[in-house]
Each structure stands twice: as C-alpha cells, then as structure tokens.
Participant: 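I am attaching a structure below and will ask some questions about it afterwards.
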There are 2 protein chains.
Amino acid sequence: MQDVAKLANVSIATVSFTVNNTKPVSPATRARVEAAMQELGFRRNAVGRALASKRTHILALLYPALQHRFRGTVVDFFTSAASTANEHGYNLVLWPAANDAELDELTSTGLVDGVLLMEVQVEDPRVEQLQASKTPFALIGRTADPSALDYVDIDFENTIAAAIDHLAGLGHTSIGLLDGGLGRGQLRGYGPVVRARAAFAETMAARGLTAYSTSCDESPGAGREAATRLLDDAPGMTGLLIMNEHAAPGLVSGLRHRGISVPDDLSVLLIASSREMAAMNDPELTVMSAPSIELGRRGVELLIDHLNGRSDHDRHALVMCAFEQGNSTAPPRHPAA
Amino acid sequence: MQDVAKLANVSIATVSFTVNNTKPVSPATRARVEAAMQELGFRRNAVGRALASKRTHILALLYPALQHRFRGTVVDFFTSAASTANEHGYNLVLWPAANDAELDELTSTGLVDGVLLMEVQVEDPRVEQLQASKTPFALIGRTADPSALDYVDIDFENTIAAAIDHLAGLGHTSIGLLDGGLGRGQLRGYGPVVRARAAFAETMAARGLTAYSTSCDESPGAGREAATRLLDDAPGMTGLLIMNEHAAPGLVSGLRHRGISVPDDLSVLLIASSREMAAMNDPELTVMSAPSIELGRRGVELLIDHLNGRSDHDRHALVMCAFEQGNSTAPPRHPAA
DNA sequence: CTGTTAGCGCATTCAA
DNA sequence: TTGAATGCGCTAACAG
C-alpha cells in the first residue's frame with residue numbers, strides 16, 4: 001500500500017479511502033491511485049485489514065463432527081454457502097466442532113465475524129453458547145422456539161402437507177411416514193424429524209386420513225428391513241412418505257423382493273431429498289426436493305445482513321421443498337369408495 | 001494479553017513465549033502465566049498473531065465451481081480435510097474458484113498459508129498459477145507429470161489391477177469398463193478417468209483378457225442407456241467395472257429390465273466409490289471404495305509438512321481403494337474352459 | 001530466563 | 001479533499 005501511495009503521489013490514507021470508498025476522493029486522484037494499483041497488481045492484505053477494522057470477513061460453517069456422516073444432499077449446502085459468501089466478499093471456513101473447546105475457540109479467537117450453524121437440534125446447547133459469546137450467528141434449521149433467532153429452514157409443515165395432498169389427490173387414504181429416527185446421544189431431537197412427524201400427524205388428522213408412522217436408520221439395509229416391517233404392520237397402506245434418502249433404495253428394492261410393485265401396489269414419495277437421489281431408485285421416485293442451495297445462500301445472506309446491522313429483512317425464512325414428479329406415485333390399485 | 005501479563009507480573013513477551021513455547025520459560029513463571037490466562041479466559045487473537053507472524057494458519061480447499069456437482073463420496077474429503085486441519089491448529093476455508101480472478105485473490109491477499117487443490121486435471125492451468133504465485137500447495141489428484149509436486153491420489157493403477165484380478169480370479173475373461181467420460185470444457189482430462197482407462201487397457205492386455213471400454217454421463221439415466229448399449233456392443237462380456245457411481249444404479253436396474261441378472265449373467269464391480277453408494281444398488285454392489293477420508297487427511301498433512309519445511313516425508317502418496325465384497329460379483333455362468 | 005521494542009498492513013481519527 | 005499519526009494484538013529480534 002505504501003508503494004501504491006508513493007507511485008500515485010498520495011498518502012497511504014488516500015489509498016485506503018479509494019479502495020474502500022470510505023471517504024470522498026477526487027476523480028483525478030482516484031484515477032491515479034487506481035492506475036498505480038493496476039501497475040503494481042496491488043491487493044490489500046486481508047490480515048492487515050482484519051486487524052485494523054476488527055472484521056475478518058470470515059464466516060464459519062459450524063457442523064457437528066463425530067456424528068452421522070453427511071448425506072448426498074448436504075454437500076450443496078457447503079458449496080452454496082461458500083459461493084454466496086464469496087460473492088459478498090466473505091470467506092467460509094469449515095468448523096467441525098465435536099466439543100465445547102472447539103466452540104470456544106471459534107468464538108474467542110476473533111477469527112470469524114459470524115457463524116452459520118447446521119444440523120440444529122430442537123434443544124441445541126450450541127445456540128446458548130453462541131448467544132453467550134456474543135458471536136453473531138444464523139441457523140440452518142430451528143430450535144424449538146426460534147422466534148428470537150435468525151434462521152432459514154425447510155418449511156416442513158407445508159412440504160409435508162403438500163406431499164400428503166399429492167397422495168390424497170391420487171386417491172390414497174392410508175398413508176405412512178418413514179423417517180430417519182430421532183437419533184440418539186447428541187443428535188437427539190433432530191429438528192427435521194421432530195417437525196415432520198408433527199406436521200404429518202396433524203395434517204393426516206385434519207384430512208381425516210389413516211396415518212402410520214415409523215422410522216429406520218439411515219442406510220439401505222435398514223430400509224430393506226423397514227419394507228418388511230411396513231408390510232406386516234400397515235397392510236392397508238397404499239401411500240408412503242419417506243424422509244430418509246439413504247434408506248429409500250433399500251426400501252424400494254425390499255418391496256420389490258416381497259413382490260410389491262411401486263407404484264402399483266404402493267406409492268412412494270421421497271421427502272426433503274433431491275432429484276439425483278430420487279433417480280438412484282428403480283422406479284425413479286417422485287420427490288419433494290430440498291432447497292439446499294437456496295438455504296445455503298439465504299443463510300449466509302441473513303448472517304451478513306445481521307453483521308451489517310441490516311435487520312430490516314425478515315429474520316426467518318422457511319422454504320418449501322419442490323415437487324418433482326417421478327414414477328413412484330400413482331392412484332391406488334383399489335381406490336377408496 | 002496485556003492483561004494477562006499484568007496479572008502474572010510478567011511482560012507481554014513472556015506471555016507470548018509461554019503460549020507458543022517459543023522460548024524457554026521457567027516453570028514458576030509459566031505456572032503464573034497459565035493461571036492468569038485461565039482466570040481471564042484468555043485466547044490469543046488469531047488475527048494479531050497472523051499479522052505479526054505472517055502465518056494465518058488458514059488453508060484453502062480449492063475446487064472448481066460451476067462444474068459438475070459433487071458426488072456423494074466427495075463430502076468426506078471436505079470434512080476429513082477440515083478435521084485434520086483443526087487437529088494441527090489450522091483452519092480450512094472453502095474456495096470455489098470459477099475464474100482466474102478468484103484464484104488471484106486466493107494467492108495475493110495473504111489470507112491463506114497454503115492451498116489444497118481438488119479435482120485436478122491432467123493439464124491443469126491452476127497448478128501453474130499457483131506455482132507462479134509462490135503459494136505452497138498440494139494436490140488431491142495428479143497432473144500428467146506430477147513428479148515435482150506434492151500430491152496424494154488414488155492408486156488407480158493398482159486398484160484397477162486388483163479389480164480385474166478379482167473378476168479374473170472368478171473366471172471372467174471378457175471384462176468391460178464403464179467410466180464417467182473425459183468431460184468437456186474445463187473438466188476435460190479429468191485425471192481419474194485418464195488413469196483408469198490407461199490402467200485398464202494395460203492390465204487387461206497383460207492378462208490376455210478381452211477388454212471393452214465405454215463411458216456415460218454421471219447420472220442414473222445415462223447408466224440405464226449404457227446398459228442397453230453394453231449388451232448390444234459387448235454381448236460376450238461377463239464382468240464389468242464401473243467407475244461412475246452415479247450411473248451405477250441406472251445401469252444395474254437397466255440390466256434387470258433387460259432380463260440380465262447381476263451377478264449371474266453379469267458381474268459388476270464398482271470402482272472408486274463407497275460402500276454406502278454400493279449399498280444403494282440392488283443387489284448391493286461389490287466395491288473398491290475410495291479412500292476419501294485418508295486422502296483428505298494426508299493431503300492436509302502433506303501441505304502442513306511443506307509449510308513447516310519438513311519435506312523429508314514422501315511428497316507423493318498413492319492410496320489404493322479397498323475391496324469390499326458385495327453381492328454383485330460371482331463366477332460367470334459358463335466359465336471359460 | 002525475561003523485558004523492551006519495533007513493526008506486521010491497514011483503517012481511521014484528527015488536522016490541515 | 002487529503003495527509004499525518006495512532007493503534008489493532010501479537011511475534012520476534014535484541015538486550016539484559
């Protein structure tokens with residue numbers, strides 16, 4: 001910066017002013033400074049700026065380490081959040097936190113301006129820690145009562161309702177929900193499952209439909225077992241929502257091995273997954289695809305707005321999954337009278 | 001830090017020494033300093049340290065934006081690299097670079113100490129840019145001639161050979177390879193495909209086996225089409241290597257729809273994927289699973305060693321995929337005489 | 001073994 | 001509209 005200033009015959013302060021548009025600079029000197037910067041290939045040093053301005057322009061994507069491995073659909077979060085951050089002049093650092101110490105380091109070393117919290121549980125201790133630390137943060141997901149927090153999340157309520165309506169519209173009256181379970185240990189109370197179950201029960205009751213609900217681990221093997229269990233426990237069921245993209249292929253092939261045809265004998269609708277994952281099944285599943293990319297983007301933007309003191313935006317965003325027709329949903333073989 | 005120094009009755013420098021173990025400190029004063037740090041909950045500011053030491057302890061994971069979306073197996077890279085970095089006191093920032101400007105910013109703003117380069121092509125312009133910029137970097141993957149570079153990669157040569165030997169050992173003599181294609185545009189010359197093809201051709205020739213090679217896009221739909229094509233073009237083939245985890249489910253179900261049974265009529269071996277992806281198929285595929293986690297870890301460690309001037313380690317690491325038996329490989333129905 | 005001191009590269013206040 | 005000077009929090013000589 002010294003060099004630029006010298007070459008442009010201005011002070012180092014003026015260079016700073018023109019770079020940051022922080023004070024009026026006459027067109028003439030601005031031109032000289034910019035020319036000098038060009039010539040020297042100048043890029044202002046990020047660390048110096050961070051120290052002086054107390055803003056690193058680094059955001060952390062905080063996710064729980066040691067827990068379930070990330071599903072196919074989740075990568076999109078990572079990359080979309082990173083890209084959005086870049087577009088706004090920020091950087092995104094991956095922050096795997098397995099324990100309090102790592103969370104402590106996150107908030108107290110001054111490395112990051114803000115935090116994006118993923119895989120939020122209904123009761124999430126990390127939220128309180130972040131609040132106590134005064135670190136600005138936004139959630140991708142929601143706690144039980146998130147009204148005072150900034151968050152973006154899938155609109156499970158409306159997504160589930162739309163899913164049910166799709167099947168009900170085809171004539172199904174007995175519909176099941178297979179989810180990935182509430183988890184154990186630290187992952188207990190995983191928000192999406194909690195909300196999906198509640199929405200399912202409520203909507204089914206409101207529509208006067210027969211509901212069946214169960215869960216299995218997030219693996220094809222568990223899905224295969226679930227197929228058997230479902231056929232035994234809910235014989236009259238003709239429609240099934242699956243919110244467990246990893247179990248889906250096992251479920252579908254398990255059904256096939258039991259002589260059950262999808263969609264002729266059972267309509268299957270995958271929830272909160274992606275078209276790609278749906279296409280890995282045979283038949284290709286109809287899917288409500290998760291807005292991963294949009295959530296990543298909006299989460300970052302929400303956080304950045306917060307950092308800039310712009311809280312005029314809505315602090316809460318719920319985004320529905322998008323319906324994508326596949327070959328796994330059809331009217332039931334014996335429509336209800 | 002001032003506060004800590006005051007509380008411990010030492011100079012600020014002494015605090016720095018004990019924190020960094022950079023100079024001998026007497027046990028007594030060390031104890032006092034540590035006590036003071038405890039009491040004040042002191043964590044040294046990352047930005048101050050970075051500015052003074054010219055080391056940010058931030059690494060960038062550089063990946064091509066705008067290109068193919070990341071496959072299931074790739075997330076493990078991200079998280080494993082991030083975790084490893086953390087263990088060594090580093091942070092990992094996601095760096096999606098779609099153009100030269102973003103690469104320029106990476107190398108010239110002083111934000112990162114080193115770069116991990118993913119999705120390397122055989123001829124990769126980014127490598128030259130990084131070299132020109134004097135930024136330390138390591139590759140996950142390899143260019144055509146990587147001898148002068150630090151890299152970790154899958155050992156495609158031995159993996160392919162092991163895969164062929166598995167099938168040959170079962171009695172197969174006519175074996176195909178289905179890969180994801182060399183790609184177009186910027187992704188042209190994607191290393192894994194180039195190397196796998198070469199290794200396949202070479203090993204098949206060395207074993208005196210009949211080889212057939214083709215490719216299709218990375219999608220289940222393309223896999224379904226490929227099934228038909230394969231049956232028409234290579235009717236005598238009894239074994240197939242698939243290095244295209246996204247097409248595999250379509251391939252397998254396509255075969256089923258054509259009345260071809262796996263493994264009875266055709267043995268299928270998935271390459272450089274994961275057990276999880278293999279399990280999404282029916283039958284569950286035998287797989288050579290990619291060492292994604294290890295590659296992420298070793299890539300980071302290689303880079304950090306480099307940063308610390310420890311180049312005594314091997315600068316090159318090739319890791320084989322691990323064989324995991326599934327239900328998709330068996331002796332051919334009509335073993336060769 | 002410990003203290004003093006000079007920057008690291010930049011943003012920003014205060015004068016001019 | 002511009003310049004001079006101060007300091008962000010810490011590391012690393014250099015002295016002692």
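The chains referred to below are lettered A, B, ... by the order of the sequence lines, with proteins before strands, and numbering in each begins at 1.
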Participant: Under 4.0 Å, counting only non-hydrogen atoms across every strand here, what does B:D3 touch: a base, just sugar-phosphate, or nothing?
Facilitator: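 Here B:D3 touches no strand at all.
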Participant: Is there a donor in the side chain of B:T29 and an acceptor in the side chain of B:S26, or the other way round, less than 3.5 Å apart?
Facilitator: yes
Participant: Whether the side chain of A:H316 engages the backbone of A:S147 through a donor-acceptor N/O pair (distance < 3.5 Å, no angle test) should be reported.
Facilitator: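 Looks like yes, one N/O pair under 3.5 Å.
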Participant: Do other residues, nucleotides or ligands put more than 12 heavy atoms under 6.0 Å from the CD atom of A:E87?
Facilitator: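 Enclosed: over 12 neighbouring heavy atoms sit under 6.0 Å from CD of A:E87.
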Participant: Can you find a side-chain donor-acceptor pair between A:D124 and A:T143 that sits under 3.5 Å?
Facilitator: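 There is no such pair (donor and acceptor under 3.5 Å, judged by atom type) between the side chains of A:D124 and A:T143.
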Participant: In residues 25-39 of chain B, what residues come within less than 4.0 Å of DNA chain D, judged by heavy atoms?
Facilitator: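 The stretch gives none, as no residue of it lies under 4.0 Å from the strand.
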Participant: Rounding to an integer number of Å, can you tell me how far A:R55 CZ sits from C:dT12 P?
Facilitator: 10 Å
Participant: Start with the C-alpha gap between B:L59 and B:L303, add the side-chain angles, then the distance that decides, and say whether side chain to side chain contact (heavy atoms under 4.5 Å, CB included) holds.
Facilitator: CA-CA 9 Å; B:L59 270 23; B:L303 180 55; 3.7 Å; yes
Participant: Establish, with yes or no, whether the OP1 or OP2 oxygen of C:dT2 is under 4.0 angstrom from a side-chain nitrogen or oxygen of B:S11.
Facilitator: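 So the side-chain polar atoms of B:S11 never come under 4.0 Å of the phosphate oxygens OP1 or OP2 of C:dT2.
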Participant: Does a donor on one side chain and an acceptor on the other come within less than 3.5 Å for B:R195 and B:Y190?
Facilitator: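 B:R195 vs B:Y190: no donor-acceptor pair found between side chains.
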Participant: Which parts of nucleotides 9-16 of chain D does protein reach within less than 4.0 Å, heavy atoms only, written one letter per nucleotide 5' to 3' as B for base, S for sugar-phosphate only and - for none?
Facilitator: BBBBBB--
Participant: Nearest 0.5 Å please: distance from the CG atom of A:L318 over to the CD1 atom of A:I154.
Facilitator: 10.0 Å
Participant: Nearest 0.5 Å please: distance from the CD atom of B:E102 over to the CZ atom of B:R126.
Facilitator: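 Nearest 0.5 Å value for the CD-CZ distance: 12.0 Å.
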Participant: Here's a test for you: under salt bridge (charged side-chain N to carboxylate O under 4.0 Å, His left out), which of A:R315, A:R142, A:R310 qualifies with A:D150?
Facilitator: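 Answer after filtering A:R315, A:R142, A:R310: A:R315.
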Participant: Under the criterion side chain to side chain donor-acceptor pair (under 3.5 Å), I'd like the reasoning laid out for A:Y151 against A:R298: C-alpha separation, chi angles, the key distance, then a yes or no.
Facilitator: CA-CA 9 Å; A:Y151 68 81; A:R298 294 184 66 163; over 6 Å; no
Participant: Between the opening five pairs and the closing five pairs of the helix from C:dC1-D:dG16 to C:dA16-D:dT1, how far apart are the helix axes, to 10°?
Facilitator: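 Nearest ten degrees gives 40° for this helix.
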Participant: Whole angstrom is fine here: how far is it from NZ in A:K6 over to P in C:dG9?
Facilitator: 13 Å
